[in-house]
Each structure stands twice: as structure tokens, then as C-alpha cells.
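Worksheet: one structure, shown below.
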Amino acid sequence: MFNFRCVFNSASTLCRQLITPLNVNGTASQCGIRRLPQLRPLFLSAVSHQEAEASTGKDFSHLPPMPGQDSPLRWAGKKFEELPIIHIKATYNNTHIQLTDSAGQSLVRTSCGTEGFKNSKKSTPIAAQTAGISAAAKATVKGVTFVRVVVKGLGPGRLSAIKGLTMGGLQLVSITDNTPVPHNGCRPRKARRI
Amino acid sequence: MARHLRFIARTVMVQDGNVDTAYKNLNRMLTQDGIIDAVKRRRYFEKPCRERRRKNFENCRRIYHMEMARKIAFVSRTNREDPWLGC
């Protein structure tokens with residue numbers, strides 16, 4: 001997925017135009033990234049398997065609509081790029097949920113601490129679920145229905161926050177993972193000896 | 001990931017409100033690409049000595065598993081010519 005990202009980063013529109021024939025052929029085109037032919041078929045096989053199961057006349061692509069392409073998908077009249085975003089930061093001790101619009105202006109902010117949990121109870125999936133439900137309730141008050149989700153971190157509240165959002169009544173359109181993975185940047189803390 | 005375009009990589013669309021399947025797909029993609037593994041490993045610092053030993057071990061393990069899978073696939077073939085033909 002690193003090369004997936006760097007493909008789109010290096011020459012985004014160019015590579016997108018090259019990749020749509022790559023989708024069809026499944027062989028290497030003139031894209032300068034060497035590992036791409038090995039990665040794409042792996043994902044294509046997963047995608048085609050899913051689509052074979054779900055091809056009841058509706059072509060659903062697991063990939064999000066690109067900002068350059070004009071896809072006909074609309075949610076509450078909005079394009080994919082204009083949907084509000086929910087950022088979920090799932091640390092090992094807490095879970096924060098923040099709803100922003102597509103520009104980045106914050107609308108709603110909840111966390112396990114604002115729900116009344118303290119100390120070790122914040123690092124539980126149940127706390128994350130309550131935070132999700134309350135965030136969804138506040139969002140529906142502001143008139144938000146369809147939402148994209150961005151998850152950051154591998155904590156206990158990662159899945160249950162998403163569950164809480166759906167339980168609270170929001171409709172999720174896509175789930176992105178934005179967990180920061182450094183290419184050997186800062187040195188983490190020393191290993192615990194328990 | 002501030003330097004990258006957002007919502008392109010590591011993204012899964014949710015089909016018909018099926019959030020669990022979408023999350024499972026996302027998790028599968030991430031584990032196959034080794035991201036979950038890398039994040040867990042980077043939580044605490046891994047000394048270079050331990051890192052070298054672990055990489056060596058993973059290499060040996062990979063070779064062993066590939067060879068074993070090859071062997072099993074070879075041994076469990078059903079349509080093969082009769083080895084004792086002509087005896």
C-alpha cells in the first residue's frame with residue numbers, strides 16, 4: 001500500500017490515466033513504479049471476488065471516487081469530496097472523535113473523557129462506543145447524515161467507535177485508515193520489561 | 001500523511017451500510033500490506049540487535065513455510081501418471 005500511495009502522490013492525474021488501462025489489462029504499463037504490477041493484481045483479485053459476489057446489477061467499486069474523475073455517486077446531493085469527515089483517533093489510553101466539514105472546520109468534538117469516563121475506563125471499547133453515539137447525536141442535531149470516517153491509531157476503541165457512530169444514526173460512506181507510520185523517523189520509547 | 005492526497009490510499013467504501021464487512025476488508029488490506037504489523041512493532045523501540053535476529057528468523061520461517069507448502073501440494077496431487085506402469 002506504500003507504493004499504492006506513492007503512485008498517486010508522484011504524478012496523480014498521469015498515473016490515474018495509466019492505471020485505468022492497468023485495471024483492464026492487469027499487466028504493467030509504462031508506469032515507472034516497479035512493484036505496481038505485483039500489488040494491483042492482489043487487490044484486483046480481492047475486488048473482483050467481492051464484485052462477483054455483489055454483482056446483482058449494481059457496480060460498486062471498493063475504491064473511492066478520485067477527485068479528478070466525475071463519478072455519478074452522490075450522498076444527500078453531495079459529491080464524495082464535499083462530505084464531512086469524522087476523525088477517530090484511537091490511542092491506547094483514550095479515543096477522540098471529531099467531526100469536521102470537508103474544508104476542515106471542526107463541528108463536533110467528543111472523547112471518552114467528555115463522556116464522563118475517567119482514567120483506565122477511557123481505554124475501553126465501551127467508552128469509545130458511547131463517545132461515538134454521542135458524537136452521532138450531536139451531528140444529527142447539526143444536520144449531518146452521510147459521513148466519511150478517518151481512523152488513526154490502533155487502540156481499543158478503533159472498531160467500537162465506528163459501531164457507535166452507526167448506532168447513533170450516522171451513515172458511513174467510506175472508512176480510511178490514516179495511522180501514522182514513520183519511515184524511521186522519531187525513536188519510540190524503550191521497550192517495557194514487565 | 002500530510003504530503004499525500006487524502007482519501008486515496010487505505011480507503012474502503014461501505015456497501016449498503018455494511019460497516020463490519022468494510023472494516024474487515026480494510027483490516028485485511030492493512031495486514032496484507034504489513035501496516036498493522038509495523039505499527040505494533042514501532043510502539044516500543046526495537047534494538048538493532050533484536051531487529052536483525054527477528055528478520056533472520058522471519059526469513060528462515062518464510063523459506064520453511066514455502067517449501068513445506070510446495071511439498072504438500074506436490075504430495076497431494078491426484079491426477080498423476082502411474083509410476084509403476086510397465087512393471
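Every heavy atom of this structure was used, including side-chain atoms; hydrogens, water molecules and symmetry mates were not. In the text below, chain A, chain B and the rest are named by the order of the sequence lines, each starting its count at 1.
- Proximity to chain A at a heavy-atom threshold of 4.5 Å picks out B/R42, B/R43, B/Y44, B/F45 from residues 42-66 of chain B, in numerical order.
- Around CZ of B/R77, the count of heavy atoms belonging to other residues, nucleotides or ligands within 6.0 Å exceeds 12.
- A distance-only check finds a donor-acceptor pair linking the side chain of A/R158 to the backbone of A/G153 [under 3.5 Å].
- Counting non-hydrogen atoms of neighbouring residues, nucleotides and ligands closer than 6.0 angstrom, the CZ atom of A/R109 reaches no more than 12 such neighbours.
- Looking only at distances, a side-chain donor or acceptor of A/D101 sits under 3.5 Å from a matching main-chain atom of A/A103.
- A donor-acceptor pair is defined here as one N or O able to donate and one able to accept, closer than 3.5 Å; such a pair exists between the side chain of A/D177 and the backbone of A/T179.
- Using a 4.5 Å cut-off between heavy atoms, A/V151 makes no contact with chain B at all.
- Contact tally against chain B (heavy-atom pairs below 4.5 Å) for A/I85, A/L165, A/V150, A/I162: the top residue is A/I85.
- Proximity to chain B is limited to the side chain of A/L154, based on heavy atoms less than 4.5 angstrom apart.
- Using a distance-only test at 3.5 Å, with no hydrogens or angles considered, no donor-acceptor pair links the side chain of A/T114 to the main chain of A/T110.
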Problem - Criterion salt bridge (charged side-chain N to carboxylate O under 4.0 Å, His left out) on A/D70 and A/K79, from CA distance to verdict - result: CA-CA 9 Å; A/D70 300 316; A/K79 289 199 236 182; 5.3 Å; no

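- Highest contact tally toward chain B, considering only A/R192, A/K163, A/Q171, is held by A/R192 [criterion: heavy-atom pairs under 4.5 Å].
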